[in-house]
> 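Just dropping this structure here.
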Amino acid sequence: MEDRGATNEDVNVIREMAGTEFTFSDHRQRNQQAVGSYYSYTLFIYGFLVAIALSTLSGQGVYPLVH
């Protein structure tokens, strides 16, 4: 589903129109949480890959003091 640019005010108006007779669900927060999780996971993976690359390029490995 595409982002249609609904503001909090728009959502509140729709929620009031729906009343207590219907269940109204706002998926924007869930989408923001999914995007946040994706960014966190991506940052972790790329950080791990950078650490491996730096370790490999330095030629000393992860434990440079152990010979």
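Note that the numbering runs from 1 along the sequence shown for the chain. Below, each value reflects all heavy atoms present in this structure, side chains not excepted, and no hydrogens, waters or symmetry copies.
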> Please name all residues satisfying side-chain contact (heavy atoms from CB on, under 4.5 Å) with Leu43, sequence neighbours left out, ordered by chain then number.
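Listed in chain order: nothing, the list is empty.
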> Checking one residue: Phe48. Which other hydrophobic residues are in its cluster under the side-chain 4.5 Å linking rule?
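Same cluster as Phe48: Ile52.
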> If you link I, L, V, M, F, W and Y whenever their side-chain heavy atoms are under 4.5 Å apart, who else ends up in the same group as Met17?
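The other cluster members (ILVMFWY side chains, heavy atoms under 4.5 Å, direct or chained) are Val13.
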> Taking side-chain contact (heavy atoms from CB on, under 4.5 Å) as the definition, give me every residue that meets it alongside Thr7, ordered by chain and number, with sequence neighbours left out.
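Per chain and number, Thr7 pairs via side-chain contact (heavy atoms from CB on, under 4.5 Å) with Glu9, Asp10.
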> Tell me every residue that passes side-chain contact (heavy atoms from CB on, under 4.5 Å) with Ile14, counting only those two or more places apart in sequence or in another chain.
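Partners of Ile14 under the side-chain contact (heavy atoms from CB on, under 4.5 Å) test: Phe24.
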> With sequence neighbours left out, what residues match Thr42 under side-chain contact (heavy atoms from CB on, under 4.5 Å)?
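Checked Thr42 against side-chain contact (heavy atoms from CB on, under 4.5 Å); matches are Tyr38, Tyr46.
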